[in-house]
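Contents: one structure, followed by commentary.
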Amino acid sequence: MQSSGASEFYCQPPQPLADFKNRNRLHRILNGCPSRAHSHPGARVTGSHSSPRPRPRLPHHWAHPASDSESQQPTKMAAATPTLKHSVSTDTNLSSGVEDTPATSTGFLTPKTKATARKPHSEKVNGAGVTTNGTYDDLVSSEPYPPLELDYTADDHENSGWRAVGVRFAPFKIPLKRRLQTAAVLFHCMGIVVFLSIFWFTCANPLSWPFLIPYLIYLTFSSAPTDGKLARRSERIRNLRLWKLFAGYFPLHLHKTADLDPSRRYIMGYHPHGIISHGAWASFATNALGFSEKFPGITNSLLTLDSNFRLPFFRDWILSMGISSVSKESIRNLLSRGGPDNDGKGRAVTIVIGGARESLEAEPGHLRLILKNRKGFVKMALRSGADLVPVMGFGENDIYDQLSARTHPGVHRFQMFCLKVFKFTLPAMHGRGLLNYDVGLMPYRRPVNVVIGRPIRVHTQPGHQPTQQEIDRYHEAYVQELEKLWNSYKDVFAAGRVSELEFKEE
């Protein structure tokens, strides 16, 4: 018999129906209930004392239920007249059977629960075995994460400069490598301004119009950001020394905790968004941190908003970095094309889940994520048969300072208004400058450690239409794995934190 929560046994008077006479007598014996006749086949009654009655033999279909209809019949009998109830707690993930045991001193037979592990039921949906009634515990590995070490050596350049009006200025003698690192970060932060300036300069030159007009027509009808072909991706640009200098500025490090099977598809979620997501750019839009060496056979694409592909010249720059649109069409195409068999195997996409809303929560020493109601990436993973991989950027929130919503509520309300109306926001942030360490829009030189967690295996095939129950189940598993990733490395990469990991509403 199977029970949902508790197995219940009742003591009840004889049934009036003659058809159930023998069965009711057996039921009373099992529960130790007094009756008008204690006789049982093979037992004698002498005077006021009865000889020990033999242990009753259960019907075969009680002890070994062969089908749901057979196993439910005794349960219905027991629930007929609930006069006295005895509950035995059982786990919903265990199958329980009742065995006959010796009578106790109280006259009741003690039910002995035989617990055996029950495998989660699975159903066939579009040819894929989809687990529907399990918990997220069986999706997340119980093994601890491997130990990682912090590779960072602090320098004393910030304290060796000179001060004026409370601002620390950079010393005159700075190694050339540090100057080049600062220039690389400046170029990246000013990328949109640089490429739009080149575009407007080109528009001002009539000699370039014969080339500019066809380009604008092409830009209008191009599907390169969403077609999933990655035809504009250039490994040569992704391997430029510029990105090594960029990563060395903070510095940035990429840490691997598990292998990724090249025969699978993956959706990686990067957390937190930070102000500009420098860690995601260096890890997945370039090869500066060695992603291709750490995960051979995996072609990863960082995803961004469609609006970035409407900016002339800048769109071509990010397309050459292998960046694609974050739209549903783009994700579906990326995970269904490419690979040895052109079926998307070996492809991966990286999504910064929190988006612009999460950038407003970026403060040094804090990690507040917008994740509770963001389940679209889980739905896309189930539809495409892609495994979910959590990625944590320790230190991403530390490289800029930002006005807090608690101390500046008016600024925060204006930011939320811009986000709702214009679908983008303006973080009230500041950092350091080119020649000083306290005032400017450049990020601080603080370490960022990007840790790629273990993949959560998704047991669906491309084309599967997931239910809300499946989406919620995998989302809970993803959140649990992300918390496990944080707890495993927070004392290594976030030793100076002010608060713990927190999940906030939209």
Hey, is [atom1] on [X] packed in by over 12 heavy atoms from elsewhere, all under 6.0 Å?
X    : atom1 : value
Q468 : CD    : yes
F187 : CZ    : yes
E502 : CD    : yes
N239 : CG    : yes
F503 : CZ    : yes

Under a 4.0 Å threshold between the charged nitrogen and the carboxylate oxygen, would [Y] count as salt-bridged to [X]?
X    : Y    : value
D387 : R265 : no
R368 : E363 : yes
D438 : R168 : yes
E235 : R238 : yes
D316 : R232 : yes

How many angstroms lie between [atom1] in [X] and [atom2] in [Y], if you round to the nearest 0.5 Å?
X    : Y    : atom1 : atom2 : value
L388 : H475 : CG    : NE2   : 10.0 Å
I174 : R178 : CD1   : CZ    : 5.5 Å
T220 : R310 : OG1   : CZ    : 11.0 Å
H271 : E396 : NE2   : CD    : 12.5 Å

Measuring centre to centre across the rings, with the benzene-like ring taken for any Trp, is H430 within less than 6.0 Å of Y400? no
Could you check whether H255 and F493 have their ring centres less than 6.0 Å apart? yes
Which residue is it: E470, H464, Q469, Q465? I am looking for the one with a side-chain hydrogen bond (donor to acceptor under 3.5 Å, both in side chains) to T467. E470
For residues [X] and [Y], is any side-chain donor paired with an opposing acceptor at under 3.5 Å?
X    : Y    : answer
N300 : T350 : yes
D227 : N333 : no
E483 : N487 : no

Y145 six-ring centre to R454 NZ/CZ under 6.0 Å and within 45° of normal: yes
Backbone N or O of [Y] within a donor-acceptor pair of the [X] side chain at under 3.5 Å?
X    : Y    : answer
R347 : L335 : no
S330 : S325 : yes
D398 : G365 : yes
T407 : L403 : no
E358 : L369 : no
Q415 : T425 : no
Y270 : V450 : no
K372 : E505 : no
S208 : N205 : yes
K294 : L289 : yes

Shortest non-hydrogen separation from Q402 to S359 and the atoms involved: NE2-O, 3.1 Å
Considering only residues two or more places apart or on different chains, which pairs with a residue in residues 366-393 satisfy ring-ring contact (aromatic ring centres under 6.0 Å, His included)? F377-Y478
Check the pair R374, I370 against side-chain contact (heavy atoms from CB on, under 4.5 Å), reporting the backbone distance first and the verdict last. CA-CA 8 Å; R374 305 219 166 183; I370 307 298; 3.7 Å; yes
Checking Y437 against Y444 for the ring-ring contact (aromatic ring centres under 6.0 Å, His included) test, could you report, in this order, the C-alpha distance in whole Å, the side-chain angles of both residues, the deciding distance, and whether it holds? CA-CA 8 Å; Y437 301 113; Y444 294 116; 9.6 Å; no
Residues that E500 engages under side chain to side chain donor-acceptor pair (under 3.5 Å), provided they are two or more places apart: W486, K490, R497
Quick one: are [X] and [Y] in side-chain contact, heavy atoms under 4.5 Å?
X    : Y    : result
L334 : S324 : yes
V326 : D306 : no
I452 : F284 : yes

Checking F195 now: which residues fulfil ring pair (Phe, Tyr, Trp, His ring centres under 6.0 Å) with it, not counting sequence neighbours? W317
Ring geometry between Y215 and Y218 (parallel below 30°, tilted from 30 to 60°, perpendicular above 60°): tilted
May I ask you to decide if the ring planes of F172 and W162 are parallel, tilted or perpendicular, using 30° and 60° as cut-offs? parallel
